[in-house]
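Numbers restart at 1 for each chain; the letters A, B, ... are given by sequence-line order, proteins then strands. Hydrogens, waters and symmetry mates play no part in the numbers below; they use all other heavy atoms, side chains included.
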There are 2 protein chains.
Amino acid sequence: MRTTEESTQAIIESANIFFARFGYGKTTMTEIAEYCDMSVGNLYRFFPSKLDLAAKIVDLVTQESVANLRRVSARKYRSSAARVEALVIAELRETFETMENRPTIEEMGRIIMFKRVDVINKGLADTRRVLEEVLQDGIASGEFTIPKPDFAAEMIQAATLKFRYPQLWSRLNLPALEREAKGVVRLLIKGVQTR
Amino acid sequence: MRTTEESTQAIIESANIFFARFGYGKTTMTEIAEYCDMSVGNLYRFFPSKLDLAAKIVDLVTQESVANLRRVSARKYRSSAARVEALVIAELRETFETMENRPTIEEMGRIIMFKRVDVINKGLADTRRVLEEVLQDGIASGEFTIPKPDFAAEMIQAATLKFRYPQLWSRLNLPALEREAKGVVRLLIKGVQTR
DNA sequence: ATAATGAACTGTCAAGAAATTATTCATTTT
DNA sequence: AAAATGAATAATTTCTTGACAGTTCATTAT
């Protein structure tokens with residue numbers, strides 16, 4: 001006899017396994033339900049639709065990604081500028097690898113992007129917060145002069161769009177993308193460095 | 001009795017009309033040929049495939065767009081920085097409008113992007129050259145300090161990806177996109193301005 | 001009364017057939 | 001010989017229909 005919370009967790013785990021393995025489209029709600037010893041009708045008492053379940057998975061994947069960026073940010077760097085660069089490169093690598101090696105996850109992300117953009121925007125906002133904290137540190141240390149760090153973080157995020165899931169718009173390989181990302185980041189950093 | 005050049009031009013005009021009106025997929029080579037009083041077999045003596053014909057149209061549309069950017073660049077501005085901003089905004093507006101009001105052209109551009117990326121890259125290179133010339137002017141006037149203007153132009157182009165055909169990745173309306181583009185451009189410009 | 005079920009209902013997908021269109025080439029025209 | 005044609009060939013798209021899957025709800029179980 002499971003609690004509501006336990007059932008919810010079991011469904012999420014089951015969905016995670018099936019979506020990752022077979023993709024969103026090929027996974028049926030019936031097999032997700034069966035995997036946690038539940039009827040498909042009962043599953044709908046916990047999640048109102050298949051899309052909502054996928055949104056939850058994408059949200060969890062994104063939070064995992066944000067946590068990873070925080071770990072990258074927490075390492076030792078010689079400057080806040082280097083820290084910003086490390087964040088952008090980390091995100092480039094992670095999204096590049098997702099598209100290369102986890103196509104089912106990437107496809108699900110794309111579906112969520114069209115049908116549940118709020119989930120994507122939340123992920124972007126969380127990511128942006130990590131970046132903003134780094135900018136704040138740079139301000140505190142005197143390295144950066146930024147009137148509005150939240151706005152600057154937003155601008156940097158917009159300017160580095162090309163380096164998230166880059167295969168969508170570029171045929172460059174990862175080393176070339178990293179070089180380009182570093183070039184863009186250097187230019188942006190010069191725009192916020194204390195003169 | 002037409003010359004080869006005249007026949008080629010007639011085909012291009014015919015294709016332009018039909019592709020713009022009905023879209024690439026819905027237009028048949030037979031109707032393009034008929035419109036210029038030619039058999040469909042003869043049409044293939046001028047263009048090896050339907051895709052090649054579309055690539056030519058996209059190329060011409062792109063050259064038109066580059067010429068427009070040159071006109072924008074040629075206006076009077078108080079600074080090279082303002083000129084760069086005007087270029088980015090002009091491209092944003094033009095691509096936004098194409099997606100909104102000329103969906104058949106946009107769709108054809110997308111097909112060419114996947115199947116004939118060389119045409120797209122050529123268009124980007126031509127656009128970048130306009131930007132580079134503006135950067136060169138800024139260097140000559142002492143406004144900018146840029147070691148490699150061709151590289152800087154490339155970086156600026158990468159950083160402003162979001163503002164070409166923006167509806168592909170954003171739900172913001174045009175005014176909001178312009179504000180964001182200006183924010184990004186200001187940051188980039190601060191990265192190249194003479195200190 | 002609440003929780004769970006599984007078949008029915010509704011909507012979507014996929015495979016195969018039919019229709020359409022891109023392309024070729026044997027034939028005709030110039 | 002070179003240019004043009006239009007039907008044949010090959011490839012792609014569209015349509016049809018049965019299968020499949022998302023979702024609901026009458027019924028059963030707790």
Side-chain angles (χ1 to χ4, degrees), chain A residues 1-58 103-104 107-108 110-116 119, chain B residues 1-58 103-104 107-108 110-116 119:
Chain A
M1 185 69 347
R2 288 182 294 206
T3 65
T4 297
E5 179 58 35
E6 281 166 342
S7 292
T8 302
Q9 276 310 120
I11 295 168
I12 289 172
E13 275 178 41
S14 176
N16 203 12
I17 290 165
F18 280 91
F19 285 156
R21 180 77 165 279
F22 303 106
Y24 175 77
K26 286 290 184 185
T27 298
T28 68
M29 293 295 263
T30 302
E31 49 196 358
I32 293 175
E34 280 170 353
Y35 191 76
C36 20
D37 295 306
M38 181 186 292
S39 71
V40 68
N42 198 24
L43 194 158
Y44 280 92
R45 287 177 54 245
F46 296 91
F47 288 92
S49 71
K50 187 179 183 183
L51 187 67
D52 281 284
L53 188 46
K56 181 69 186 180
I57 304 291
V58 168
T104 51
E107 182 217 18
M108 189 162 53
R110 210 180 307 206
I111 290 164
I112 296 298
M113 187 170 79
F114 283 110
K115 299 189 177 179
R116 291 291 303 275
V119 174
Chain B
M1 184 75 337
R2 286 183 293 205
T3 66
T4 297
E5 179 59 35
E6 282 166 342
S7 292
T8 302
Q9 276 310 117
I11 294 168
I12 289 172
E13 275 179 38
S14 176
N16 202 11
I17 290 165
F18 279 93
F19 286 154
R21 181 77 165 277
F22 302 107
Y24 176 76
K26 286 291 185 190
T27 298
T28 68
M29 292 296 265
T30 302
E31 49 196 358
I32 292 174
E34 279 171 354
Y35 191 75
C36 20
D37 296 306
M38 182 187 291
S39 70
V40 67
N42 199 26
L43 194 159
Y44 279 93
R45 285 176 55 246
F46 297 90
F47 289 92
S49 70
K50 188 180 183 182
L51 187 67
D52 280 283
L53 187 47
K56 182 69 186 181
I57 304 292
V58 168
T104 51
E107 182 218 19
M108 189 163 50
R110 210 179 308 204
I111 290 165
I112 296 298
M113 187 170 80
F114 283 111
K115 298 187 178 179
R116 291 292 302 275
V119 174

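- The CD1 atom of A:Ile17 sits 12.0 Å away from atom CD of A:Glu31, with the distance rounded to the nearest 0.5 Å.
- The side-chain contact (heavy atoms from CB on, under 4.5 Å) check on B:Glu13 picks up nothing, with sequence neighbours excluded.
- For B:Ser14 against B:Ile32, the heavy-atom pair with the smallest separation is OG-O, 2.9 Å.
- Atom P of nucleotide D:dA21 and atom CG of A:Leu51 are separated by 18 Å, given to the nearest angstrom.
- At whole-Å resolution of the value, CD1 in A:Ile32 and P in C:dG6 are 18 Å apart.
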Would you tabulate the side-chain donor-acceptor contacts of residues 34-44 of chain A under 3.5 Å, counting partners in other chains and residues two or more places apart, or write 'none'?
| from | atom 1 | to | atom 2 | distance (Å) |
| --- | --- | --- | --- | --- |
| A:Ser39 | OG | A:Asn42 | N | 3.0 |
| A:Asn42 | OD1 | A:Arg45 | NH1 | 2.5 |

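- Protein atom CD1 of B:Ile11 is 14 Å distant from nucleotide atom P of D:dA3, rounded to whole Å.
- B:Glu107 meets the side-chain contact (heavy atoms from CB on, under 4.5 Å) test with B:Ile111; sequence neighbours excluded.
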Identify the pairs formed between an N or O of the protein and an N or O of nucleotides 5-8 of chain D at a distance under 3.5 Å, and give each distance.
| from | atom 1 | to | atom 2 | distance (Å) |
| --- | --- | --- | --- | --- |
| D:dT5 | OP2 | B:Ser39 | N | 2.9 |
| D:dT5 | OP2 | B:Ser39 | OG | 2.8 |

Could you tabulate the donor-acceptor pairs under 3.5 Å formed by side-chain atoms of residues 46-55 of chain A, not counting sequence neighbours?
| from | atom 1 | to | atom 2 | distance (Å) |
| --- | --- | --- | --- | --- |
| A:Ser49 | OG | A:Leu51 | N | 3.4 |
| A:Ser49 | OG | A:Asp52 | N | 3.1 |
| A:Ser49 | OG | A:Asp52 | OD2 | 2.7 |
| A:Lys50 | NZ | A:Tyr24 | O | 2.9 |
| A:Lys50 | NZ | A:Thr27 | O | 2.7 |
| A:Asp52 | OD1 | A:Arg116 | NH1 | 2.9 |

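- Judged purely by atom type and a 3.5 angstrom limit, A:Thr104 uses its side chain to pair as donor or acceptor with the backbone of A:Ala20.
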Provide a list of protein-nucleic acid N or O atom pairs under 3.5 angstrom, restricted to nucleotides 11-22 of chain C.
| from | atom 1 | to | atom 2 | distance (Å) |
| --- | --- | --- | --- | --- |
| C:dA22 | OP1 | B:Thr27 | O | 3.0 |
| C:dA22 | OP1 | B:Lys50 | NZ | 2.5 |
| C:dA22 | OP2 | B:Met29 | N | 2.8 |

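- In this structure, the CD atom of B:Glu34 is 15 Å from the C1' atom of D:dA4, given to the nearest Å.
- Among all heavy-atom pairs drawn from B:Ile57 and B:Ile12, the shortest one is CD1-O, 3.6 Å.
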